[in-house]
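Structure first, commentary second.
By convention in this document, chain letters (A, B, ...) are assigned in the order of the sequence lines, proteins followed by strands, and residues within each chain are numbered from 1. Since we're looking at a predicted model, the values are computed, not measured.
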Protein chains: 2
Amino acid sequence: MDDVLRRAALFAALDDDQAAELRASMTEVTLARGESLFHEGDPGDRLYVVVEGKVKLHRASPDGRENMLAVLGPSEMIGELSLFDPGPRTATATALTEVKLLGLGHGDLLPLLHARPEVSIALLRAIARRLRRTNDVMSDLVFSDVPGRVAKALLDLSRRFGVPSDEGIHVAHDLTQEELAQLVGASRETVNKALADFAGRGWLKLEARAVVLMDVERLSRRSR
Amino acid sequence: MDDVLRRAALFAALDDDQAAELRASMTEVTLARGESLFHEGDPGDRLYVVVEGKVKLHRASPDGRENMLAVLGPSEMIGELSLFDPGPRTATATALTEVKLLGLGHGDLLPLLHARPEVSIALLRAIARRLRRTNDVMSDLVFSDVPGRVAKALLDLSRRFGVPSDEGIHVAHDLTQEELAQLVGASRETVNKALADFAGRGWLKLEARAVVLMDVERLSRRSR
DNA sequence: CTCCTCATATGATCGGAGTGACATGCGTCA
DNA sequence: TGACGCATGTCACTCCGATCATATGAGGAG
């Protein structure tokens with residue numbers, strides 16, 4: 001059984017056989033960068049688990065500006081909200097890289113939840129953790145300035161997607177600066193300035209859709 | 001059985017007998033305005049349901065400023081996060097009015113979740129809804145200016161706590177302007193200006209810890 | 001290999017909103 | 001009932017960050 005799936009909340013409480021059975025009942029979806037899994041307003045009764053790649057969850061304001069709620073990677077869940085609390089999708093999910101997902105419909109999940117309470121409990125934990133993260137992001141929007149939020153976002157991405165290298169922690173976030181700006185709720189220009197400033201101080205090195213963090217300590221201090 | 005409790009997610013899936021039994025296993029807590037139920041950092045293994053009154057969930061930044069995550073009223077749940085995703089409390093809960101709550105410990109909840117999967121499912125729905133609301137608030141922080149956020153907050157409070165009167169919808173929010181400012185992530189002065197402006201236009205009337213909404217249509221338009 | 005387009009970089013300008021400083025109002029408690 | 005303390009109302013001043021404008025660079029399509 002796939003290691004990535006075993007780390008997903010949906011599979012956490014199941015033994016190997018049960019996990020294999022659940023996996024068999026899920027349908028595979030593949031997207032190229034830029035393609036959307038679903039759009040804000042769509043009817044939603046399907047949940048997905050990321051197997052490979054990254055997906056962004058985002059919304060548009062009436063006047064066309066974009067805000068990114070989250071970047072989701074392997075083992076993470078997308079679209080649960082419309083399943084647990086029935087209703088249309090309140091955000092759009094778009095692939096940041098080539099991405100592979102497994103989808104599960106409402107009709108297949110409910111029996112599982114009734115049959116195996118541990119699964120519900122694992123999902124409660126997962127969604128509680130998400131709510132905590134979201135609350136943290138909200139506090140940052142209120143308390144921190146843009147450079148602080150950029151530093152925080154990079155550290156967060158580094159914890160989740162970073163790999164150590166000889167120069168520092170290499171973080172292939174797959175976000176354009178425009179997207180990074182949407183993630184921290186600021187303009188592209190301001191984010192660019194913050195990044196350039198950090199790079200100038202030697203705290204990090206900029207690469208295409210990636211950064212190398214070289215002084216996590218300073219960045220971390222700047223983020224508070 | 002109390003009507004307020006029957007509307008709480010925790011009780012939604014139970015029949016009268018089961019609800020009465022659950023209620024009996026919960027301990028009553030009473031607080032006066034200003035008293036805290038728990039503080040950020042406290043170990044947390046208890047969940048509460050508001051029976052009467054209002055409670056605010058808030059956090060302090062390192063430099064002492066405050067941010068309010070939510071105002072919770074009757075039937076709503078507080079402190080679930082530390083229960084579902086074990087860990088210290090990530091916010092402080094403080095009474096906005098005299099308040100009556102019922103508390104349930106981790107040790108009493110888990111057996112219930114295992115025995116009655118419908119309870120978990122109801123809780124998943126409740127927390128999913130909370131996450132949706134939080135995402136909405138986050139988008140507003142990014143997209144709307146302060147007057148817009150104030151209008152939005154008042155409309156939200158009115159939907160939850162408003163009662164129709166001959167002049168308009170009377171909303172006893174029990175928040176000082178300082179607290180309202182913390183709720184929308186702005187300074188007291190700016191919120192005061194927005195309120196004075198709305199009042200000057202005849203959209204609402206200011207009262208002590210309350211407002212009377214007289215032109216919901218305009219306020220609603222201003223909030224978008 | 002060469003455009004063309006999209007991403008990145010950087011400066012100039014402007015405005016919303018925070019800060020600080022007061023004045024006023026009002027509820028509550030001795 | 002008087003007075004203190006907290007909440008509210010309103011300035012002037014400053015500044016962060018959005019917006020506009022304009023390079024420069026780099027990857028893809030032909």
Nearest-Å distance for atom pair CD/P, residues B:Glu189 and D:dG9:
12 Å

Tell me the interatomic distance from A:Arg33, atom CZ, to D:dG27, atom P, rounded to whole angstroms.
14 Å

N-O pairing of A:Lys193 and A:Asp197 below 4.0 Å
no

Checking only heavy atoms, does the side chain of A:Arg188 share a donor-acceptor pair with the base of C:dA9 at less than 3.5 Å?
yes

Closer than 4.0 Å, any side-chain N/O of A:Ser187 to the OP1 or OP2 of D:dA18?
yes

Closest-nucleotide mapping onto DNA chain D: is A:Ala208 or B:Glu178 further toward the 5' terminus? I mean the 5' end.
B:Glu178

Rounded to whole Å, how long is the line connecting atom NZ of A:Lys205 with atom P of C:dA9?
13 Å

Looking across every strand, which nucleic acid part, if any, lies under 4.0 Å from B:Ala186 by heavy atom: base, sugar-phosphate, or nothing?
sugar-phosphate

With heavy atoms under 4.0 Å as the rule, sort B:Asp145 into base, sugar-phosphate or nothing.
sugar-phosphate

Can you tell me how far CZ of A:Phe198 sits from CG of A:Leu219, rounded to the nearest 0.5 angstrom?
6.0 Å

Using a 4.0 Å heavy-atom cut-off, does B:Thr176 contact any base of the nucleic acid, only the sugar-phosphate backbone, or nothing at all?
sugar-phosphate

Between C:dT13 atom P and A:Lys193 atom NZ, what is the distance in whole Å?
13 Å

Taking any heavy-atom pair under 4.0 Å as a contact, classify A:Leu195: base, sugar-phosphate, or nothing.
nothing

Between the side chains of A:Ser144 and A:Arg222, is a donor N or O closer than 3.5 angstrom to an acceptor N or O?
no

Report the distance from atom CD of B:Gln177 to atom P of C:dG25, rounded to the nearest whole Å.
15 Å

Side-chain N,O (B:Asn192) to OP1/OP2 (D:dT8) below 4.0 Å
no

Rounding to an integer number of Å, can you tell me how far B:Leu206 CG sits from D:dT10 C1'?
14 Å

State plainly whether the residues B:Asp85 and A:Arg129 are in salt-bridge range, i.e. N to O under 4.0 Å.
yes

Separation of C:dG18 P from B:Asn67 CG (nearest whole Å):
13 Å

Quick one: do B:Lys152 and B:Asp156 make a salt bridge, cutoff under 4.0 Å?
no

What is the distance from CG of B:Asp174 to P of D:dA7, rounded to the nearest Å?
13 Å

